[in-house]
Structure formats: C-alpha cells, structure tokens
Engineer: 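So that we are looking at the same thing, I have put the structure below in structure tokens.
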Amino acid sequence: MELTELRIFKAVAEQGGIIKAAAALNRVQSNVTTRVKQLEERLGTRLFHRQGRRLVLSSEGRLLLDYADRLLRLSAEAQAALKGHAPHGVLKIGALESTAATRLPAVLARYHREYPTVRLELVTATTGALVDKVLREELEAAFVAEPFAAGSLQTRHVFTEELVLVTARDHPRVASPADLAQRTVLAFATGCAYRRRLEMWLGRSRMVADRVMEYGSYHAIVACAAAGGGIAVVPKSVLRATGMEGQLAVHPLPARIAQAKTMLVWRRGHPSSALDALREMLK
C-alpha cells in the first residue's frame, strides 16, 4: 500500500464521499474513485458501503482506517525527526474522568502552547477499559489508577489522588465498614480502579455491597450519594470540583485505600515523538 492511497482512503472515510474528499484533496473525482477501487482490489475486500448519499466504512474499512492513521502519523513523525522539526500529527490519549476534569486541563493547555502542530484527542473511560485500548493500539497512552495489570506496558507515576468515602450528610461517622448503614455502592462500570479499592476495603471486613448502581459521571454519583442513594469512593479533587462538599458527609479512608497513584501507561517500545514530549513535560 502507498501512503498516497491511504491518504485518499482516509479522506473519503472522513468526508463521507468521493466529491467532498476530492475537494479536500484538490484532486479530480475520477482519480479518487479509481484509487479507492484499486485499493479494494489489491486488498480483496470492500472498504465502503453506500448509505443514501454517503459512503460509510465496512468493518474491514474501519480496521484499515486504524492502520492508516498510525502509518500516516509515523510517516509524518519520521519526516519531522529527520528535518529536526517539533512533534506534530495526532496524539490520542485516554484518562479517567476524574483525571481529565481536575489534573489534565493545565497540562494539556501547556502542551498545546508548546506543540501547536500536535492535535490532541482525549478519551475518558475506566482504568480497565483504558488499559485494554492501549494494548489494542487504539490509544497511544492513558492515565489510569492502580490497581491494574500492567502486562507489557511501561508505566510512570504522575499524580497521587486522595480518595474519600461519601455518604448522605446525615449518615453517622464511618471509621470501618461495620459502621455503614447503607451498603449500596455507587460507582462506574466494572474496570474502575477506585470501585475496586472500595470493594477491597469492604472485603477485608468480610462485607460485600448489597448492590452496585453504575453511573457514567462523578456528578451523578455524588448527587445520588447526597440524596441517600448509596455510598461512593471519589477523589477529593473531584469532590471539590463538583461544588457539593457541603451537601455530603465526607469520611476519611485508611491510607492504603486512600492514597491512589495515577499512572501514565504506554506500550513498551512504542515510537512517538508527540508522546515523548508529553512524558518529558510530566517529569
């Protein structure tokens, strides 16, 4: 496959059709059509299906687009490295929602100022989901919380969060799991490292949650806890950001549970000047 073919294929995928892709690439439509057909013939598969007036990627096309993104980025980085240019291209990273909301805004703003030719893309998810995306090469790196299985990943400690237990404001003081009158756990989906810490804390007292209610945001978790819907473990920094500290009872946790390291993880040996620049900035 030629890089030119991949650029044309990527443009058609992003623009949703030949006409718009040809205009974006400053090429005649017949040339774009021919190059796409030649690529499909060479690969022996259909890359697009027509839906009304749009061309949409087939499952094989979605797979190729992922490879095309990486090959084009590596080509651009190779040229930049040889010419002594600063990092550029796309840097796709992942983060916990709490990290994205409280820790990364200043870091990413500084990164954008220093490397304006790098387009940052940020995905939020649980630790388990983010680690899986890095291993599957859907993300170059991710900010995740311990515990997690590092496997073949390289890691670097970048932040430390203090976790607290939150309950309804009228809940009595909680010094141990035995003091919990309410044992409905409010948390993100399975794969959340902070949820795992809460379950470990309960488990050491041979207690389990009565049930788990899963949410997609800390605002929803904190609001439900304030309303008496259950208990949750959240980073103190997130609690401040929600502005709901006065509407909850906040209980300290044992240090082994409360002190949670946030790690940057990436694939071992993965070449990326844009990621190198981010790691250097986080030192």
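Excluded from the calculations below are hydrogen atoms, water molecules and symmetry mates; all remaining heavy atoms, backbone and side chain alike, are included.
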Engineer: Can you hop from Leu6 to Leu63 via hydrophobic side chains spaced under 4.5 Å?
Structural biologist: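 Unlinked, Leu6 and Leu63 end up in two clusters.
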Engineer: Without placing hydrogens or testing angles, list every side-chain donor-acceptor pair under 3.5 Å for residues 12-28, not counting sequence neighbours.
Structural biologist:
unit_1: Glu14; atom_1: OE2; unit_2: Lys10; atom_2: NZ; d: 2.5
unit_1: Arg27; atom_1: NH1; unit_2: Asn31; atom_2: OD1; d: 2.7

Engineer: So for atom NE2, which belongs to His157, do other residues, nucleotides or ligands contribute more than 12 heavy atoms lying within a distance under 6.0 Å?
Structural biologist: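 Above 12, so yes.
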Engineer: Could you note down all residue pairs passing side chain to side chain donor-acceptor pair (under 3.5 Å) where residues 242-253 supplies at least one of them, sequence neighbours left out?
Structural biologist: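 Of all non-adjacent pairs touching residues 242-253, those that pass side chain to side chain donor-acceptor pair (under 3.5 Å) are Thr167-His251.
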Engineer: Once salt bridge (charged side-chain N to carboxylate O under 4.0 Å, His left out) is applied, do any residues pair with Glu40, and if so which ones, sequence neighbours excluded?
Structural biologist: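 By the salt bridge (charged side-chain N to carboxylate O under 4.0 Å, His left out) rule, Glu40 matches no residue at all.
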Engineer: Can you tell me if CZ on Arg169 sees more than 12 non-hydrogen neighbours from other groups inside 6.0 Å?
Structural biologist: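 No, the 6.0 Å shell around CZ holds no more than 12 heavy atoms from other groups.
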Engineer: Could you pull out all residues at least two apart from Arg110 that satisfy salt bridge (charged side-chain N to carboxylate O under 4.0 Å, His left out)?
Structural biologist: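 For Arg110 the salt bridge (charged side-chain N to carboxylate O under 4.0 Å, His left out) partners, ignoring immediate neighbours, are Glu114.
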Engineer: Closest heavy-atom contact between Asp179 and His171?
Structural biologist: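 For Asp179 and His171, the tightest heavy-atom pair comes out as O-CE1, 3.5 Å.
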Engineer: Between Leu122 and Gly94, which heavy-atom pair has the shortest distance, and what is it?
Structural biologist: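 Of all heavy-atom pairs spanning Leu122 and Gly94, the closest is CD1-C, 4.1 Å.
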Engineer: Per the side chain to side chain donor-acceptor pair (under 3.5 Å) rule, what does the pair list look like for residues 122-134, sequence neighbours excluded?
Structural biologist: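 Matches after skipping sequence neighbours: Asp132-Arg136, Lys133-Glu138.
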Engineer: To the nearest 0.5 Å, what is the distance between CG (Leu275) and CD (Glu280)?
Structural biologist: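 It comes to 11.5 Å.
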Engineer: Checking side chain to side chain contact (heavy atoms under 4.5 Å, CB included) for the pair Ile231/Thr184: CA distance, chi angles, key distance, verdict?
Structural biologist: CA-CA 6 Å; Ile231 61 172; Thr184 296; over 6 Å; no
Engineer: Does Thr33 reach the main-chain N or O of Gln29 with its side chain, forming a donor-acceptor pair under 3.5 Å?
Structural biologist: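 A pair under 3.5 Å: yes.
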Engineer: With a 4.5 Å limit on heavy-atom distance, are the side chains of Arg156 and Trp266 in contact?
Structural biologist: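 Answer yes - side chains close enough.
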Engineer: Please determine whether side chain to side chain contact (heavy atoms under 4.5 Å, CB included) holds for the pair Leu43 and Leu64, giving the CA-CA distance in whole Å, both sets of side-chain angles, and the decisive distance to 0.1 Å.
Structural biologist: CA-CA 10 Å; Leu43 295 173; Leu64 179 61; 3.8 Å; yes
Engineer: Looking at Ala232 and Ile221, what are the two nearest heavy atoms and their distance?
Structural biologist: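 Result for this residue pair: CB-CG2, 3.5 Å.
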Engineer: Counting distance only, does the side-chain N/O of Arg267 pair as donor-acceptor with the main-chain N or O of Ala141 below 3.5 Å?
Structural biologist: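 Side chain of Arg267 to backbone of Ala141: no pair is present.
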Engineer: Taking only residues two or more places apart in sequence, or in another chain, which ones meet Tyr111 in a ring-ring contact (aromatic ring centres under 6.0 Å, His included)?
Structural biologist: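 By the ring-ring contact (aromatic ring centres under 6.0 Å, His included) rule, Tyr111 matches Tyr115.
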Engineer: Tell me, please, which residues at least two apart from Arg42 pass salt bridge (charged side-chain N to carboxylate O under 4.0 Å, His left out).
Structural biologist: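 Arg42 satisfies salt bridge (charged side-chain N to carboxylate O under 4.0 Å, His left out) with Glu5 only.
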Engineer: Is it the case that the side chain of Arg119 and the backbone of Lys92 share a donor-acceptor pair, with hydrogens and angles ignored and the cut-off at 3.5 Å?
Structural biologist: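 Judged by distance alone, no pair lies under 3.5 Å.
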Engineer: Give a yes-or-no answer on whether the side chains of Ser98 and Glu161 include a donor-acceptor pair shorter than 3.5 Å.
Structural biologist: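 Glu161 and Ser98 do not have a side-chain donor-acceptor pair below 3.5 Å.
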Engineer: Quick one: side chain to side chain donor-acceptor pair (under 3.5 Å) partners of Arg46, sequence neighbours excluded?
Structural biologist: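 With sequence neighbours excluded, Arg46 shows a side chain to side chain donor-acceptor pair (under 3.5 Å) to no residue whatsoever.
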Engineer: Name each donor-acceptor pair under 3.5 Å that joins a side chain in residues 199-206 to protein atoms two or more places apart or in another chain, with its distance.
Structural biologist:
unit_1: Glu199; atom_1: OE2; unit_2: Arg195; atom_2: NE; d: 3.2

Engineer: Evaluate Glu140 against Arg73 for side chain to side chain contact (heavy atoms under 4.5 Å, CB included), listing each step before the verdict.
Structural biologist: CA-CA 12 Å; Glu140 288 198 51; Arg73 186 190 70 245; 3.3 Å; yes
Engineer: Looking at Ser152 and Leu135, what are the two nearest heavy atoms and their distance?
Structural biologist: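 Closest approach of Ser152 to Leu135: OG-CD2, 3.7 Å.
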Engineer: Just jot down the ring-ring contact (aromatic ring centres under 6.0 Å, His included) partners of Phe9, sequence neighbours excluded, or say none.
Structural biologist: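 With neighbours one apart ignored, the set is Phe48.
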Engineer: Tell me the closest heavy-atom pair linking Ala95 and Thr99, and the distance in Å.
Structural biologist: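 Here Ala95 and Thr99 meet closest at CB-CB, 4.4 Å.
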Engineer: With sequence neighbours excluded, tell me which residues meet salt bridge (charged side-chain N to carboxylate O under 4.0 Å, His left out) with Lys236.
Structural biologist: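 Residues passing salt bridge (charged side-chain N to carboxylate O under 4.0 Å, His left out) with Lys236: Glu162.
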Engineer: How far apart are the C-alpha atoms of Val265 and Phe148, what are their side-chain angles, what is the distance that settles it, and do they pass the side chain to side chain contact (heavy atoms under 4.5 Å, CB included) test?
Structural biologist: CA-CA 11 Å; Val265 301; Phe148 62 90; 3.7 Å; yes
Engineer: Output all residues satisfying ring-ring contact (aromatic ring centres under 6.0 Å, His included) with Phe188, sequence neighbours left out; order by chain, then residue number.
Structural biologist: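 Listed in chain order: Tyr218.
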